[in-house]
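Contents: one structure, followed by commentary.
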Amino acid sequence: MIKLKLAEVLARKRLSIVELSDRTGLSVRDLEILRDQQALALRLRTLDCLCRALGCQPGDLIEYAADED
């Protein structure tokens, strides 16, 4: 399972979704979907935009966790 760690990165950088929206041009709703693990896909362009705005690497935002079934 792929997990997005956007909430963790935002908390660590003390940034709100609205501030990130202003920095990236992405809608607040789209960022909430990413933050809340509801996204089914993530475009590389979006990942690039997030990394630029947050000053981080893709690995800081994405994590792979094996299913425990």
Side-chain angles (χ1 to χ4, degrees):
M1 173 179 189
I2 302 292
K3 290 178 57 179
L4 296 175
K5 302 187 294 182
L6 183 57
E8 295 170 28
V9 174
L10 287 172
R12 191 169 53 241
K13 296 199 177 268
R14 295 187 174 138
L15 218 80
S16 73
I17 286 287
V18 173
E19 291 170 312
L20 184 58
S21 176
D22 290 341
R23 288 185 183 189
T24 61
L26 299 170
S27 74
V28 170
R29 182 64 191 135
D30 286 344
L31 291 171
E32 288 172 339
I33 289 169
L34 293 172
R35 180 196 63 198
D36 298 339
Q37 303 293 320
Q38 296 173 343
L40 298 177
L42 177 63
R43 291 177 185 244
L44 291 177
R45 185 176 298 169
T46 301
L47 183 59
D48 178 63
C49 191
L50 291 171
C51 288
R52 286 176 192 261
L54 295 168
C56 67
Q57 294 293 315
D60 297 328
L61 292 170
I62 299 173
E63 175 180 75
Y64 174 74
D67 290 335
E68 295 183 17
D69 292 333

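Here, residue 1 is the first one in the sequence, and each next residue gets the next number. Keep in mind that what you see is a predicted model, and the values were worked out from it rather than measured.
Cluster annotation: V28 is connected to L34 through the hydrophobic network of ILVMFWY side chains, with a link wherever side-chain heavy atoms come within less than 4.5 Å. Under a hydrophobic clustering in which Ile, Leu, Val, Met, Phe, Trp and Tyr are joined whenever their side-chain heavy atoms come within less than 4.5 Å, directly or via other members, L47 and I33 fall into different clusters. Cluster membership for L20 and L26, using ILVMFWY side-chain heavy atoms within less than 4.5 angstrom, is shared.
No more than 12 heavy atoms of other residues, nucleotides or ligands shown are found within 6.0 angstrom of CG on L44.
Shown here are the side chain to side chain donor-acceptor pair (under 3.5 Å) partners of D36, two or more places apart in sequence or in another chain: there are none. Residues satisfying the side chain to side chain donor-acceptor pair (under 3.5 Å) test with R52, not counting sequence neighbours, are D48. For T46, the side chain to side chain donor-acceptor pair (under 3.5 Å) criterion is met by no residue, not counting sequence neighbours. With sequence neighbours left out, R43 forms a salt bridge (charged side-chain N to carboxylate O under 4.0 Å, His left out) with no residue at all.
The OG atom of S21 lies 13.0 Å from the CZ atom of R29; values are rounded to the nearest 0.5 Å. Here the CG atom belonging to L42 is positioned 10.5 Å from the CD1 atom belonging to I2, to the nearest 0.5 angstrom. Considering CD of Q37 and CG of L4, their distance stands at 5.0 Å, rounded to 0.5 Å.
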Using atom types as modelled, flag every donor-acceptor pair under 3.5 Å from a side chain in residues 6-18 to any protein atom, sequence neighbours excluded.
unit_1 : atom_1 : unit_2 : atom_2 : d
K13    : NZ     : L54    : O      : 2.9
S16    : OG     : V18    : N      : 3.4
S16    : OG     : E19    : N      : 3.0
S16    : OG     : E19    : OE1    : 3.3

Would you mind writing out the side-chain donor-acceptor pairs for residues 56-66 within the sub-3.5 Å range, not counting sequence neighbours?
unit_1 : atom_1 : unit_2 : atom_2 : d
D60    : OD2    : Q57    : N      : 2.9

